[in-house]
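Side-chain atoms are counted along with the backbone in the values below, which use heavy atoms only and exclude waters and symmetry mates. Proteins come first, then strands; the chains are lettered A, B, ... in the order of their sequence lines, and each starts at number 1.
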Amino acid sequence: MLDIKRIRENPDQIRHGIANKHEKDRLDELLALDARRRAIIGDVETLKNTRNVVSQQIAQRKKGGENADAQIAEMKGVSDAVASLDAELRAVEEQIADITLYIPNMTHPSVPVGHSAAENVEVRRWVPEGVAGLNADAAFPQLDHIELGKRLDVLDFERGTKLSGSGFALYMGKGATLERALINFMIDLHITTHGYTEVFPPFVVNAASMRGTGQLPKMAEDMYHCEDEDLYLIPTAEVPITNIYRDEIMQGSALPLSLCGYSACFRREAGSYGKQTKGFLRVHQFNKVEMVKFSAPETSYDELEKLVRDAEDVLQALNIPYRVLLLCSGDTSFASAKTYDIEVWSPGENAWLEASSCSCFEDFQARRAGIRFRRDPHSKPEFVHTLNGSGLATSRLMVSLLECNQTVDGKIMVPEALRRYTGFDVID
RNA sequence: GGAGAGGUGGCAGAGUGGUUGAAUGCGGCGGUCUCGAAAACCGUUAUACCCGUAAGGGUAUCGAGAGUUCGAAUCUCUCCCUCUCCGCCA
């Protein structure tokens with residue numbers, strides 16, 4: 001959510017920002033409502049002031065045994081006027097909220113303006129020696145993760161579908177162990193060498209939390225919803241972890257605060273038919289370790305760079321080839337001001353797969369969620385800047401991990417760094 | 001699922017329908033005292049919005065909403081949430 005004052009004072013800038021993200025522009029309507037709102041407030045507060053003053057006088061007169069019928073009659077009219085103005089004000093404010101909740105965050109000046117993924121900018125890539133399709137020819141035919149998973153009996157997409165429907169994976173044997181090892185490895189790396197505090201959040205949250213991080217109202221169709229309780233399955237641990245401090249005022253000395261946690265992630269992926277859907281490429285439930293930061297405004301972009309490096313560290317430790325993209329405005333999500341995607345290499349698909357998305361939201365989420373901080377015990381509360389990034393999602397990572405480490409005889413070598421977590425060196 | 005209790009400031013906890021934005025205590029901040037600290041004492045300590053260059057002024061907020069009233073933290077109704085006990089259960 002943007003500050004209404006900022007919109008009022010820089011309408012052209014906001015108009016550009018909305019256009020850059022290809023969202024609907026309802027600014028004229030909004031500005032008219034805003035003007036109406038302030039006019040009503042001026043009127044109604046004057047009336048309320050008279051009411052308060054005269055009510056005091058009535059109390060005084062009654063105390064002194066005087067008659068106050070004239071004042072009481074007068075105030076009856078005032079109260080009626082207040083009631084009708086208040087009703088109109090509420091209606092106007094509702095309309096304002098309806099519009100502002102759909103205004104996207106403005107992108108940072110360093111974000112290239114563009115329409116689609118084609119205009120994203122690769123900022124760097126990290127590729128170890130001998131990667132098939134990138135800096136070497138394949139020495140043998142590269143199997144994809146589905147084939148590998150089936151042959152080694154570690155991934156069973158057919159039975160996952162039987163259990164829950166398409167888009168639900170079933171890990172078996174060493175595949176299940178590898179998944180668990182990966183999660184533990186990533187969390188340990190972040191909490192021991194990157195300074196994060198571990199969190200284990202609920203996987204189901206209320207509507208207020210979803211509104212706080214921006215999933216609601218816009219993304220309602222993409223989420224699993226429990227009707228009876230009006231609760232939502234989280235699409236990412238960003239939601240519960242960012243909302244930990246919703247409607248709170250943090251101490252400035254606590255910033256920047258870095259949290260990280262694992263969660264299962266649930267996404268309906270409504271309307272994604274026809275996109276890459278096989279195997280792990282697009283699933284309704286996957287595992288992810290999420291990093292979340294709360295920062296003072298002046299350091300948030302430094303924190304974003306660190307966040308990306310923290311995610312990259314995971315991939316380098318696992319020897320997985322990747323590239324980092326700076327997303328163009330049109331590909332940057334609704335709530336984000338600047339986003340880097342990290343894509344891992346899939347020899348089986350001969351393509352890059354998005355495995356992480358690291359974003360700075362500036363105060364966009366903080367405004368919605370009411371997350372503030374005080375620089376000093378006496379200073380005014382200010383909104384924090386929030387950031388988050390996957391560190392990382394295991395499903396796409398698993399694709400790359402299996403495919404990049406396959407051997408000519410169809411086994412998979414476990415990366416060195418993971419072995420103390422898996423307890424085995426090879427899947428065969 | 002059954003029965004009960006309760007939601008007031010950072011926390012604890014008062015509050016006959018009329019200077020109650022709200023007593024008191026704790027905590028926080030500033031100060032006095034001290035070589036320094038503790039203790040004690042004094043002072044101070046909510047947020048949002050509107051008008052205003054500012055100084056300042058105004059309005060709202062005691063879980064949420066509606067009602068009664070000239071006037072509601074206080075009375076009525078509805079809803080939400082939390083807690084306790086019983087039942088069930090990983």
Sequence neighbours excluded and cut-off under 3.5 Å, please list the side-chain donor-acceptor pairs for residues 235-247 of chain A, or say none.
from	atom 1	to	atom 2	distance (Å)
T236(A)	OG1	E238(A)	N	2.9
T236(A)	OG1	K288(A)	NZ	2.8
E238(A)	OE1	N388(A)	ND2	3.3
E238(A)	OE2	Q365(A)	NE2	2.8
E238(A)	OE2	N388(A)	ND2	3.3
T242(A)	OG1	E238(A)	O	2.7
N243(A)	OD1	R246(A)	NE	2.9
N243(A)	ND2	S209(A)	O	2.8
N243(A)	ND2	V239(A)	O	2.8
R246(A)	NH2	S209(A)	OG	2.8

Short side-chain N/O contact to [N] OP1/OP2 from [X], under 4.0 Å:
X       : N      : value
R38(A)  : C51(B) : yes
N49(A)  : U59(B) : yes
T46(A)  : G58(B) : no
R36(A)  : C50(B) : no
R372(A) : A48(B) : yes
K76(A)  : C70(B) : yes

Aromatic plane relationship, Y224(A) with F168(A) - under 30° parallel, 30 to 60° tilted, over 60° perpendicular: tilted
Sugar-phosphate only, base, or nothing, as touched by N52(A) at under 4.0 Å among non-hydrogen atoms: sugar-phosphate
Sugar-phosphate, base or nothing in reach of R8(A), heavy atoms under 4.0 Å: sugar-phosphate
Contacts of type side chain to side chain contact (heavy atoms under 4.5 Å, CB included), residue E23(A), not counting sequence neighbours: I18(A), K21(A), P104(A), K218(A), F334(A)
All salt bridge (charged side-chain N to carboxylate O under 4.0 Å, His left out) counterparts of D363(A), not counting sequence neighbours: R367(A)
Ring pair (Phe, Tyr, Trp, His ring centres under 6.0 Å) partners of F424(A), counting only residues at least two apart: none
Bracket string, RNA chain B, 5' to 3' - pairs by Watson-Crick or G-U geometry under 3.5 Å, | interstrand: ((((((((.[[[..)..(.....]]]((((((.......))))))((((((....)))))).[[[[[..)....]]]]])))))))....
Pairs flagged by side chain to side chain donor-acceptor pair (under 3.5 Å) wherever residues 95-107 of chain A is involved - sequence neighbours left out: none
